[in-house]
Every structure is written in structure tokens, then in C-alpha cells.
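Order of the sequence lines sets the chain letters (A, B, ...), proteins ahead of strands, with each chain counted from 1.
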Amino acid sequence: MDAESLLLSLELASGSGQGLSPDRRASLLTSLTLVKRDYRYDRVLFWGRILGLVADYYIAQGLSEDQLAPRKTLYSLNCTEWSLLPPATEEMVAQSSVVKGRFMGDPSHEYEHIELQKVNEGEKVFEEEVVVQIKEETRLVYVIDQIDKAVAIIPRGALFKTPFGPTHVNRTFEGLSLSEAKKLSSYFHFREPVELKNKTLLEKADLDPSLDFMDSLEHDIPKGSWSIQMERSNTLVVLRSLLWPGLTFYHAPRTKNYGYIYVGTGEKNMDLPFML
Amino acid sequence: MEESTSPKQEKENQELGEARRSWEVKTAASPQYSEPASFEPLEAKQGLETGRQSRSSRSWSPQSGARTSLGGPAGPETSSPAPLSPQESSSTPSPLAPAIQDLAAPPQSDRTTSVIPEAWTPYPDPLEQSSDKRESTPHHTSQSEGNTFQQSQQPKPHLCGPRTVSYNNANQKELRFDVFQEEDSNSDYDLHQPATGGSEVAPSMLETTIQNAKAYLLKTSSKSGLNLYDHLSNMLTKILDERPENAVDIIENISQDVKMAHFSKKFDSLQNANEMLPTYEIAEKQKALFLQVHLEGVDQELEDEIVENALPNVMESAFYFEQAGVGLGTDETYRIFLALKQLTDTHPIQRCRFWGKILGLEMNYIVAEVEFREGEDEEEVEEEDVAEERDNGESEADEDEEDELPKSFYKVPQAIPKEESRTGANKYVYFVCNEPGRPWVKLPPVIPAQIVIARKIKKFFTGRLDAPIISYPPFPGNESNYLRAQIARISAGTHVSPLGFYQFGEEEGEEEEEVEGGRNSFEENPDFEGIQVIDLVETLSNWVHHVQHILSQGRCNWFNSIQKNEEEQEEEDEEKEEPDYIEQEVGPPLLTPISEDSEIQNIPPWTTRLSSNLIPQYAIAVLQSNLWPGAYAFSNGKKFENFYIGWGHKYSPDNYTPPVPPPVYQEYPSGPEITEMDDPGVEEEQAFRAAQEAVLLAAEENEETEEDKDEEDDYD
């Protein structure tokens with residue numbers, strides 16, 4: 001959610017239950033403005049909160065002019081001091097995907113993972129158990145990256161693409177209509193499109209290249225991994241992800257208010273197919 | 001669009017022409033400005049020639065910039081020149097008007113407008129070049145205009161360059177007549193050559209050109225029924241009304257919006273009615289909530305309410321939970337508060353509590369925990385036990401037959417009866433509703449079988465109470481039963497209170513009496529003095545469970561199903577394969593501290609926090625359950641409250657594995673008489689034969705010896 005409209009956004013996203021306490025809110029408001037100035041971001045989003053056993057991580061993201069460019073992620077334990085996180089690399093992804101369980105809340109905590117690695121010693125090849133240490137910070141980067149790629153969403157029409165390349169915020173976006181807001185196809189993944197090129201020409205003909213340049217939620221696998229609901233007597237549409245429980249996207253139809261926030265343990269719900 | 005601008009320019013050029021002749025700005029402005037757009041009179045009334053000049057300079061520069069950047073003839077692009085054209089044309093001097101008329105075709109009107117300024121000042125090479133290009137282009141309507149516009153833009157940047165770089169920075173203060181003339185000469189460039197004597201063209205030619213241009217603009221499109229004239233005027237109106245920043249950047253969007261608005265108006269009445277209807281319905285229902293107070297405003301009732309207040313102070317609890325970062329938002333909580341009040345007003349309720357919110361796929365559940373007044377429970381119809389004993393009937397039928405078919409030894413395990421209301425898992429009655437304002441629905445009491453199976457499945461709630469639960473093992477009931485079972489589990493697992501808040505009632509039997517399953521009632525301790533918040537946070541032993549633990553049987557109080565079986569044993573002679581003695585399941589007794597809770601794979605079952613690190617003296621202690629994510633408890637030392645908000649599932653670090661179906665039941669005992677034996681193999685047969693032969697031989701030898709003996713005897 002945009003840091004500019006933090007208070008309203010938190011109020012709108014409160015349907016999922018977990019939000020922020022007043023002191024965190026107050027410190028966020030001030031610290032995010034400072035972050036925006038210091039790092040010279042165009043927009044700062046408050047991404048959410050990852051619950052750990054000892055402490056929680058508060059995550060913010062900074063965007064540059066081009067909305068689809070890779071975002072910079074910052075984390076904080078107390079909402080006042082922010083540290084930049086490195087971007088996710090493939091190695092990080094491979095390493096951290098094996099870690100399971102809750103986050104500790106201590107960024108220097110190391111998870112131990114025992115791996116069987118083939119070690120070459122001279123001419124013999126034998127497997128050894130190697131204990132790989134994975135820092136919690138790495139895991140944090142990995143989880144945030146996964147969540148962003150999988151479930152960060154944006155309504156159709158909020159961004160538009162110019163022929164020159166960069167994606168801009170659409171200032172004439174007045175919100176989705178009520179009927180549109182209930183359809184999954186009106187929401188896009190907030191990332192570079194992956195499945196767009198797989199669409200048939202017939203489907204592509206109906207798309208508007210300046211607005212429909214991202215993947216829509218319709219074809220997400222597994223089907224039914226999104227729950228769309230109208231809350232607050234039909235004035236707010238809330239999408240909750242079932243794959244990453246804790247991600248809430250809200251949008252007030254016919255207004256410009258929209259955003260998403262993740263408040264959860266940072267674990268994927270692998271039991272989803274059983275639960276539907 | 002280009003065409004539209006040109007006739008407008010024409011008119012304005014004509015106006016300017018007159019103005020220049022007479023230097024009477026206003027008179028020239030008014031007649032012609034009134035036609036195209038509503039804003040024109042405003043512009044005209046600004047009146048000063050310098051103003052016009054500046055406008056024109058402004059107008060030309062953005063126009064030029066816009067055109068060069070946008071390039072080809074795209075409809076919306078030309079909208080940018082449109083608002084500027086009246087201003088531009090206003091600046092063109094009158095002598096150019098005749099020059100306009102020289103070019104007969106309306107599409108060429110842009111050229112005509114450009115001619116007008118040229119008559120004034122010869123602008124050297126760039127203009128000539130552009131005019132050449134213009135004249136060489138074919139008189140194809142849109143293309144030519146596009147080209148001319150493009151070309152006309154080319155010199156303009158030159159002109160605008162020295163003065164202004166960006167569109168919005170058009171310097172209104174540069175009112176030099178030369179520049180003004182240059183602009184005009186730019187725009188009317190290609191008429192420069194033939195129109196040196198343009199001031200002598202008759203006005204009638206001008207008028208016809210204008211009318212032709214206007215007629216062209218008013219031509220309705222065969223596809224959409226719009227005409228360019230109206231569209232341009234609408235767009236310009238909108239822009240001037242809204243005055244967006246960087247209008248030129250979003251001009252295409254604005255044009256699109258105007259077009260869409262034109263269409264959507266036709267459907268407006270239909271769409272709006274449908275879309276807003278559900279919103280209004282729900283708002284009406286919620287309004288009813290707020291009106292409750294006024295329905296029966298008798299003083300006596302008020303007193304009653306104040307005296308026996310079954311309603312909890314939801315707002316106060318919500319405030320504390322908000323300190324912890326948990327909550328539903330103030331107005332939503334207030335609506336829930338009102339809905340609870342409605343519940344207490346319509347049902348005879350002793351005590352009521354806002355239990356929490358369970359999220360579902362289509363709708364959510366708001367759950368209220370309720371305790372009815374003594375003697376006022378509604379009697380529930382006995383629900384049929386799902387695990388009925390059917391096999392008894394079958395076995396009786398079989399006995400009649402002569403050949404006794406093998407009877408099944410399978411005894412359906414006796415269904416464990418549910419606990420009485422007000423005891424154990426059914427201590428409280430739960431009401432749910434989907435949204436505050438909707439009617440409250442009472443959930444049925446929970447059966448141990450449901451709890452047992454609910455422990456084995458993991459399903460999302462859909463939000464509809466009558467939805468079936470399709471799972472393995474099959475859940476005995478629908479979503480309302482599953483919901484009730486989960487609520488029971490969550491309550492048993494996560495409802496905690498500070499140590500000492502509750503104590504066992506003294507009327508209850510003392511330690512000598514062993515009530516089965518331990519004491520199961522408690523009451524508030526009037527002498528509770530509160531615990532320091534710091535203490536509450538530091539150690540978990542200061543918190544206790546005040547809801548009975550649910551045994552694996554599914555009940556809180558152990559039910560010994562063997563006792564009844566003993567009676568049956570006397571009647572039936574069948575062999576029983578069940579153990580004669582089932583161990584009594586024992587769970588932790590009531591009011592055990594939560595430090596005794598078992599860990600989940602090295603994760604502590606509870607996380608304690610102070611609500612605020614910045615102001616610890618007023619902070620409250622917050623407990624989060626790691627076993628049931630979404631269960632929270634707070635205490636400020638004296639007060640406490642529990643709350644749940646979440647999906648309604650337990651946390652497990654491992655993935656869910658569905659239970660395996662039980663092994664196939666043994667149909668009959670396999671003994672040696674039924675067991676099939678293998679046919680002997682070749683070696684075995686040979687060995688057997690050899691053995692047999694050996695025996696025969698031995699037997700024969702014995703016979704021979706016996707015969708010998710007999711023979712010997714015979715001799716004697």
C-alpha cells in the first residue's frame with residue numbers, strides 16, 4: 001500500500017484482522033517519508049509484516065519512475081530504522097527454498113540445513129553430509145520475492161505502458177466498477193508478464209496494449225487460490241490469497257484506493273489442494 | 001482532428017485579421033469565438049492583444065511540440081492543438097484572411113491559416129522549406145493535414161526554441177510583435193508565396209471556407225455517431241473545467257474518457273441501478289442496526305439493560321487489541337457491537353462475548369459466544385447419530401437361513417454421545433452471522449465424532465453454512481458442524497486467562513471427590529488483584545487455560561464406552577475382538593498454566609509481546625498462539641480477553657497428509673484348515689516318495705522276518 005495513504009489503507013485492509021498498532025503506525029508514517037527522501041524513491045509502499053517468533057519484520061518497498069522495474073526492499077524491526085535488502089539471486093532462491101518453519105525474528109539467525117553433497121577427494125567420489133547455514137536475512141529476501149512474484153496484484157487500469165517502455169501510474173484511473181471488481185480478470189500480477197505470450201492471437205486482439213500488459217489472475221494455478229469478497233456492505237472488494245495466507249488486497253470500487261498488504265508468517269500454504 | 005483545428009484556426013485567423021485591421025480585439029473575438037467551444041468567450045474576454053499574442057505563442061508552442069512528438073495523424077493527438085487553435089487564430093492578422101480563401105479546399109485550411117501570418121513577415125528558409133513540403137503534399141484530407149501539421153510544426157520549434165522549451169513554459173511575456181508575426185508566418189507558411197496580396201481576398205470566400213470546414217467537422221461518423229466538432233468541444237470543456245496538470249500529456253486519455261462517457265451515458269441508468277442495489281440493501285440492513293435503540297425506548301427496558309448487561313464492552317476490548325495490532329477497524333467493530341446487542345435483545349442470553357471472525361472463501365463468519373440463561377436453552381432435536389448400528393439388523397436376518405452365512409465380526413464402534421449442553425465442549429452456544437446486519441444463526445452442538453474427524457481434515461470454509469464438506473475421512477455433517485467443531489477446538493486450545501483470575505468454585509467438591517475428567521467449572525475470583533504486565537509477558541506460567549481440554553475421544557469428560565458394552569456382552573454370544581479395557585483418556589485439568597503446553601517441533605506454542613516498546617508503562621501483554629495462528633489474548637494486568645481472527649486451521653510445520661484408509665478388515669480367522677497349502681515341488685515329491693518306499697521296504701522286511709519266524713514255529 002502506498003505510504004502516502006497509509007492510514008486509510010490500513011483501515012480498508014483491516015478486514016483480515018491483523019494490522020498495525022498505533023505506535024507502529026505513527027512511526028511508519030514518519031520513517032517512510034524519510035526513506036523516500038533518502039533513497040529518492042518515486043513511491044514507497046508499505047509491503048507488510050512478517051511475523052516471527054521473537055520479533056516481527058516490517059517490510060517496505062521503494063519504486064522508481066518505472067513501476068515495473070525491480071523494486072528495492074527494505075526491512076525494519078521497529079519501523080524507524082530501515083535497512084536495504086539485497087535483491088534476490090538464483091543462488092539465494094535455491095538455498096532458501098529448503099528452509100521451512102517460522103521466522104525467528106532475528107535477522108542474523110542461521111538455519112541449518114543438512115545436505116548431501118558429493119565431494120570429490122582425489123579420485124573418490126562420496127557423499128558427505130554438509131551442514132549448510134542459511135541466514136534468515138537471505139530467507140527473508142527469498143520469501144518476499146516469492147510473495148511478490150506470486151501474489152502481488154494491481155487492478156486493471158492502474159498502470160499504463162507507454163510506447164517508450166516505462167510503465168506509469170495512470171492518473172485517470174478512477175477505479176473499477178462494481179461488476180468488474182468481482183471478476184478475477186480485472187486484476188493483474190504486479191510483475192513482468194510471464195504468461196502473456198502464451199495467449200492466442202484471438203485473445204490478444206481484445207487486449208489493449210497500453211493497459212493489458214501484465215498477467216491476469218484468471219489463469220492462476222491452482223484455480224480457486226483467490227478468494228474474492230465484498231466487505232463493508234459492498235463498498236470494498238477484498239481479495240485474499242489462499243496460497244500465501246496473509247496477503248490481502250483491497251480496492252474500493254469507483255475510487256482510486258487500492259493496495260495490498262501481507263501480514264503473515266511467511267510460509268506458503270502447501271496444503272491448498274487439500275483444502276479447497 | 002487536424003481538419004478541425006484548421007477551420008477553427010481559420011475563423012480565428014479571420015478574427016485576428018479583423019482585429020489587426022481595426023485593432024479592436026473584443027469585437028473581433030466575440031462573434032467567432034462563440035461558435036466552437038464554450039471556453040472561447042472566456043479566452044476572448046481576456047481581451048488584450050498581448051494576451052492574445054501570448055496565448056497564441058503559448059498555443060503554438062505546445063501544439064508544435066505535441067505534433068512533433070506525436071507524429072502521425074492520430075485522432076486524440078490532434079486534440080491538443082484544438083484548444084489552442086482559437087487562440088492561435090485569434091492572433092493571426094487579418095490580411096491573411098484573404099490568403100486563406102485562396103486555398104479553396106477546407107482540408108487545406110491549415111495552410112490557409114498559415115498563410116496569414118506569412119503575409120506579415122517573411123520568415124526565411126525554414127518557413128519556405130516547410131511551405132514547400134506542405135504544398136507538395138496531396139490534398140488527401142487527413143494525411144495532408146497531418147503532414148502539414150507536422151511540417152508546420154517543424155518551423156515552430158525553431159521559433160519556439162529560442163523562447164520556450166517546454167510547452168507549459170510558454171512565455172506569455174514575450175510579446176514582441178516580431179515573434180508574434182513569426183508565429184503567424186509559421187502557421188500560414190505555405191500561403192506565403194501566393195498570398196502576398198492576401199489582404200485583398202473577399203470575405204465571402206472566407207466565410208464559405210469556414211462553413212465548409214465547420215460542415216466537415218460536424219459530419220457524423222458512420223461508425224460511432226459522434227462528430228468531431230462536438231467531441232472536440234466536449235474535450236476542451238472537460239479540460240478547462242478540470243484543469244489537470246500536464247494536460248497535454250494525458251490528452252489522449254481525456255479524449256478516450258470523453259468518448260467513453262458519451263457511450264456510458266446511455267447505459268447509465270441501467271448499470272447504476274443494478275450495481276448499487278446490493279450495496280443499498282446491505283446499507284439498509286445495517287441502518288436497521290442503528291435504529292434498534294429507538295424501537296422500544298421504554299425507560300424500564302433501559303434500566304434492565306443497564307442492570308443485567310449481557311453485552312460485553314466490545315469497543316474496549318477492541319481498543320486493547322488494536323494496541324496489539326489486531327482488530328477489524330473501528331467502524332466495523334462498532335457494527336459488530338450493535339449486531340451483538342441485537343442478538344442479546346432477541347435471545348434470552350446470560351452472557352455474550354465476541355469470539356472472533358473466521359475468514360471464508362466467499363463470505364466470512366462473525367462468531368459470538370453465548371451463554372443462555374438458566375433454564376432457557378432451546379431444546380435441540382436429537383440429531384441422529386451418524387454411526388448408527390446397522391449390522392445388528394443384518395446379522396439377525398442371516399440367522400434365519402439354514403446355511404449360516406459367515407457373519408461379519410465387525411462391530412461398529414459405538415458412537416460416543418455428545419456432551420450435554422453447558423458442559424465440556426458444549427459449554428457455550430455459538431451464533432454466527434456473515435456480516436453485521438444479517439440475522440444470527442445458531443450453530444448446532446458439537447458431537448465428539450465431529451471433533452475427531454475435524455482433527456484429521458483441513459478444509460477452507462466457504463461462508464455458507466449448508467455447504468457440504470467433502471473429505472476423507474467423511475465428515476459427519478456440513479459446514480455448520482465443521483465450523484462448530486473448529487470453534488470448539490480453538491476455544492479449547494487458545495482461551496487463556498491470567499493466573500488467579502478464575503478459581504475453582506468452593507461449592508464444588510473438594511479434592512476428595514474425583515469428578516470424572518477433573519473439575520469442570522470455575523468462577524471468577526473476586527479477590528483477584530491483577531498481575532504485573534511484565535510478569536505476564538516474561539513467563540507463560542502466569543496464564544492458564546480456562547477451557548477444558550478436548551480428549552482424543554472428542555469429549556472433554558471421558559466417556560467409557562465399555563460400560564455399556566458389558567451389558568451387551570451378556571446378551572450376545574459373539575466373540576468380541578475389542579479389548580476389554582479402554583484406557584481412560586486423561587487430559588490436563590482445567591486451569592493448567594500454558595507453560596505446560598507442548599511445543600511444535602521446537603517452536604514454542606505461544607509468543608508473548610508487550611504491545612509497545614516505546615511506552616512500556618502503559619503497555620499491555622499480548623499473547624499470540626503459534627499453534628492456532630490468529631488466536632490472540634491480551635491482558636493489562638486486571639482485564640483480559642481472547643480473540644480469534646483467521647482461517648480456522650491449526651498450524652503444522654509439515655504438510656498435511658490425508659489419513660490413509662484403514663486396512664481391509666479380516667473376514668475370517670485364517671487357520672490351518674482353510675489355509676491353502678502349496679502343492680509340493682518336485683524335490684519334495686521325490687523325497688516323499690523315497691521316504692514312503694523306505695517305509696514300505698522296512699515293512700516288507702518286517703513281514704519277511706515275521707514270516708520266517710512263523711515258519712520256524714511251524715517246524716516245531
Checklist outcome for this item: So, the part of Tyr651(B) with a heavy atom under 4.5 Å from chain A: the answer is side chain

Checklist entry - Is it true that Lys357(B) and Glu231(A) have a side-chain N and a carboxylate O under 4.0 angstrom from each other? => result yes

Next on the checklist: Classify the ring geometry of Tyr482(B) against Phe475(B): parallel below 30°, tilted from 30° to 60°, perpendicular beyond 60°.
Outcome noted: perpendicular

Checklist outcome for this item: Checked Ile250(B), Thr330(B), Ile645(B) vs chain A; the most non-hydrogen pairs under 4.5 Å come from Ile645(B)

Checklist entry - What parts of residues 454-464 of chain B touch chain A if we use heavy atoms and a cut-off under 4.5 Å? => result Lys458(B), Lys459(B), Phe460(B)

Checklist outcome for this item: Value for CD (Glu322(B)) from OG1 (Thr333(B)), rounded to nearest 0.5 Å, stands at 8.0 Å

Item to check | Residue Leu328(B) versus chain A: region with a heavy atom under 4.5 Å | outcome: both

Checklist entry - Do Tyr644(B) and Gln486(B) have side-chain N/O donor and acceptor atoms under 3.5 Å apart? => result no

Checklist entry - For Arg49(A) and Gln18(A), does a side-chain donor sit closer than 3.5 Å to a side-chain acceptor? => result no

Next on the checklist: With no hydrogens and no angle check, just 3.5 Å: does a side-chain donor-acceptor pair link Tyr75(A) and Glu81(A)?
Outcome noted: no

Checklist entry - Does any donor atom in the side chain of Ser27(A) or Asn78(A) lie under 3.5 Å from an acceptor atom in the other side chain? => result no

Checklist entry - Any ion pair linking Glu136(A) and Arg139(A) (charged N to carboxylate O, less than 4.0 Å)? => result no

Item to check | Toward chain A, the part of Tyr632(B) with a non-hydrogen atom under 4.5 Å | outcome: side chain

Checklist outcome for this item: dist Leu623(B):CG -> Arg609(B):CZ (nearest 0.5 Å) comes out at 11.0 Å

Item to check | chain A contact via Glu332(B) - side chain, backbone, both or neither, heavy atoms under 4.5 Å | outcome: side chain

Checklist entry - Among Glu174(A), Arg171(A), Met230(A), Glu11(A), who wins on heavy-atom pairs under 4.5 Å with chain B? => result Glu11(A)

